[in-house]
Number of protein chains: 2
Amino acid sequence: MNTTRGDKPAFHDGGHEHQSCIEDALARADDVCRERGVRLTPLRRRVLELVWSSHRAVKAYDLLAALGDAVGAAKPPTVYRALEFLMAQGLVHRIDSLNAFVGCPQPDHRHSAQFLICGGCGDVSELNAASIDRAVADQAADSDFALSRSIIELHGRCPRCATLPPTP
Amino acid sequence: MNTTRGDKPAFHDGGHEHQSCIEDALARADDVCRERGVRLTPLRRRVLELVWSSHRAVKAYDLLAALGDAVGAAKPPTVYRALEFLMAQGLVHRIDSLNAFVGCPQPDHRHSAQFLICGGCGDVSELNAASIDRAVADQAADSDFALSRSIIELHGRCPRCATLPPTP
DNA sequence: ACGGCTCTGCTATAGTGTAACGTCCTGCCG
DNA sequence: CGGCAGGACGTTACACTATAGCAGAGCCGT
């Protein structure tokens with residue numbers, strides 16, 4: 001696992017036991033929803049589980065397909081509404097440059113985040129770099145700009161994929 | 001006018017003579033295309049002019065509608081191909097969080113950029129803040145991440161719209 | 001039980017973007 | 001001059017992303 005705060009913060013190693021990532025994320029989600037008095041319904045929980053099924057950003061229609069596997073296929077509003085709830089609770093983030101969604105490892109507190117997006121394996125790693133926040137806030141202030149939301153999405157290659165050619 | 005380098009870099013004042021913004025942008029585009037030996041065809045030039053018709057980010061299908069005004073309506077690939085060319089030449093940037101496009105005031109050289117996006121008037125201002133670039137590059141390096149493209153889109157309120165309530 | 005609320009299902013449609021193929025134009029070379 | 005290669009544009013069709021609006025089901029406090 002990673003903390004996004006250690007010496008080498010980002011990206012999971014290839015062999016990590018991912019099932020525990022999912023379980024941890026769901027447990028954290030249960031906690032924050034209970035604390036906030038909001039309902040993590042079975043549908044929402046299932047969508048969150050699917051988002052966490054990898055460390056890649058997941059497309060809404062892929063979630064839709066995964067939901068509809070067994071039963072009659074789910075419809076778009078179903079998954080979009082679940083995602084809307086999960087985003088409102090900070091349980092998932094939307095990656096605008098991919099039209100896709102990724103689980104948040106730290107849903108317990110509001111935070112601005114930055115995302116490292118690997119063009120090789122597709123894995124997304126969330127940073128919470130105070131230095132970037134500070135530089136952004138300073139620049140906004142210099143322009144008398146009242147900042148409300150920062151979208152910072154950094155594309156490139158994770159350490160494991162660094163050797164491959166740049167296939168954007 | 002603004003330079004994005006002065007004391008208060010960003011955002012145009014309300015009363016500026018915008019026609020000269022358009023003309024300047026087209027003149028710069030003519031220059032860089034001639035220098036690079038690429039063809040700024042009438043269609044591409046017209047699309048660029050439409051992108052520059054305001055300082056807001058323009059949606060592809062709005063361009064499409066504007067193009068089709070008089071004659072038979074243009075089709076999506078027409079405008080997307082023109083935009084693809086203009087982006088390849090650095091003449092416009094895509095704002096991923098808006099699915100929209102904005103003219104680049106400095107197409108003559110490659111640069112990473114940050115965008116201030118006002119939720120009030122919709123105007124977009126391009127920054128080229130070395131301090132943000134540096135913070136981002138440092139964080140990427142800390143994660144052994146080979147950075148190739150930075151998407152930094154900052155939403156908030158420009159100075160003139162700062163007084164209004166936050167209507168995202 | 002009742003009324004109000006939230007959550008979910010469903011239909012339909014809006015909005016965004018691309019694949020694939022054909023034609024024409026332009027610049028180049030023999 | 002004639003032919004050719006590549007780029008630019010037109011057109012059709014389609015894929016993907018997202019939301020509006022309404023109906024029914026379940027939960028919850030009174």
Side-chain angles (χ1 to χ4, degrees), chain A residues 29-30 33-34 36-51 56-89 91-102 122 151 153 168, chain B residues 29-30 33-34 36-51 56-89 91-102 122 151 153 168:
Chain A
D30 288 332
C33 288
R34 190 166 4 84
R36 294 171 193 170
V38 297
R39 295 167 53 193
L40 188 64
T41 64
L43 175 64
R44 291 164 175 175
R45 202 168 190 279
R46 174 77 179 127
V47 170
L48 182 60
E49 184 183 6
L50 289 169
V51 168
R56 281 177 271 113
V58 184
K59 303 228 145 207
Y61 274 66
D62 291 343
L63 292 171
L64 202 49
L67 279 177
D69 258 3
V71 213
K75 305 293 189 265
T78 301
V79 65
Y80 279 106
R81 281 190 291 225
L83 288 168
E84 185 181 24
F85 169 87
L86 295 170
M87 280 193 289
Q89 298 305 321
L91 294 164
V92 307
H93 296 292
R94 179 186 164 82
I95 308 293
D96 286 288
S97 57
L98 299 176
N99 292 340
F101 303 84
V102 69
I151 294 163
E153 299 174 6
Chain B
D30 287 332
C33 289
R34 189 164 5 86
R36 294 172 194 170
V38 297
R39 295 168 54 194
L40 187 64
T41 64
L43 174 64
R44 291 163 174 177
R45 202 169 190 278
R46 174 78 179 126
V47 169
L48 182 60
E49 184 182 7
L50 289 168
V51 169
R56 280 178 272 115
V58 185
K59 304 224 144 209
Y61 275 67
D62 290 344
L63 291 171
L64 202 49
L67 279 177
D69 259 3
V71 211
K75 306 291 191 269
T78 300
V79 66
Y80 279 105
R81 280 190 292 225
L83 287 169
E84 186 180 23
F85 170 86
L86 295 171
M87 281 192 291
Q89 298 304 322
L91 295 164
V92 307
H93 296 293
R94 178 185 166 84
I95 308 294
D96 287 288
S97 57
L98 299 176
N99 292 340
F101 303 84
V102 68
I151 294 165
E153 299 174 6

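Predicted model, so just to flag it, every value in this text is computed and none were measured. Throughout, a chain's letter reflects where its sequence line sits, starting with A, and its residues are numbered from 1.
- C/dC10 atom P lies 12 Å from atom CG of A/Leu64, rounded to whole Å.
- Using a 4.0 Å cutoff on non-hydrogen atoms, the parts of residues 36-45 of chain B near DNA chain D are B/Arg39, B/Thr41, B/Leu43, B/Arg44, ordered by number.
- Taking only side-chain atoms of A/Pro77, from C-beta outward, the nucleotide of C/dC21, D/dT19, D/dT12 with the closest atom is D/dT19.
- For the atom pair B/Asp62 CG and B/Phe101 CZ, the distance stands at 11.0 Å (nearest 0.5 Å).
- Residues A/Arg46 and A/Glu49 are paired through a salt bridge, judged by an N-O separation under 4.0 Å between the basic side chain and the carboxylate.
- The closest side-chain heavy-atom distance from A/Val92 to A/Val58 is not below 4.5 Å.
- Side-chain atoms of A/Phe85 and A/Val38, non-hydrogen and from C-beta on, do get closer than 4.5 Å to each other.
- Which of D/dG21, D/dT12, C/dC21 sits closest to the side chain of B/Arg81 comes down to C/dC21.
- Distance CZ (B/Phe85) to P (D/dA8): 7 Å, rounded to an integer number of Å.
- No side-chain heavy atom of B/Val51 sits less than 4.5 Å from a side-chain heavy atom of B/Leu91.
- In this structure, CD of A/Gln89 is placed 10 Å from P of C/dC7, rounded to the nearest angstrom.
- Put simply, B/Thr78 has no side-chain N or O that comes within less than 4.0 Å of OP1 or OP2 on D/dC9.
- Within 6.0 Å of CZ on B/Arg94 lie more than 12 heavy atoms contributed by other residues, nucleotides or ligands.
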Scan nucleotides 13-17 of chain C against the protein and return all N/O pairs shorter than 3.5 Å with their distances rounded to 0.1 Å.
{"unit_1": "C/dT16", "atom_1": "OP1", "unit_2": "B/Lys59", "atom_2": "NZ", "d": "2.6"}
{"unit_1": "C/dG17", "atom_1": "OP1", "unit_2": "B/Arg94", "atom_2": "NH1", "d": "2.9"}
{"unit_1": "C/dG17", "atom_1": "OP1", "unit_2": "B/Arg94", "atom_2": "NH2", "d": "2.4"}
{"unit_1": "C/dG17", "atom_1": "OP2", "unit_2": "B/Tyr80", "atom_2": "OH", "d": "2.9"}
{"unit_1": "C/dG17", "atom_1": "O5'", "unit_2": "B/Tyr80", "atom_2": "OH", "d": "3.4"}
{"unit_1": "C/dG17", "atom_1": "N7", "unit_2": "B/Tyr61", "atom_2": "OH", "d": "2.7"}

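- Note: CD (A/Glu84) to P (C/dT6) measures 13 Å, nearest angstrom.
- The side-chain heavy atoms of A/Arg45 and A/Asp30, taken from C-beta on, include a pair separated by under 4.5 Å.
- For the pair A/Leu40/A/Leu86, a side-chain contact is recorded, criterion being any heavy-atom separation below 4.5 Å from C-beta on.
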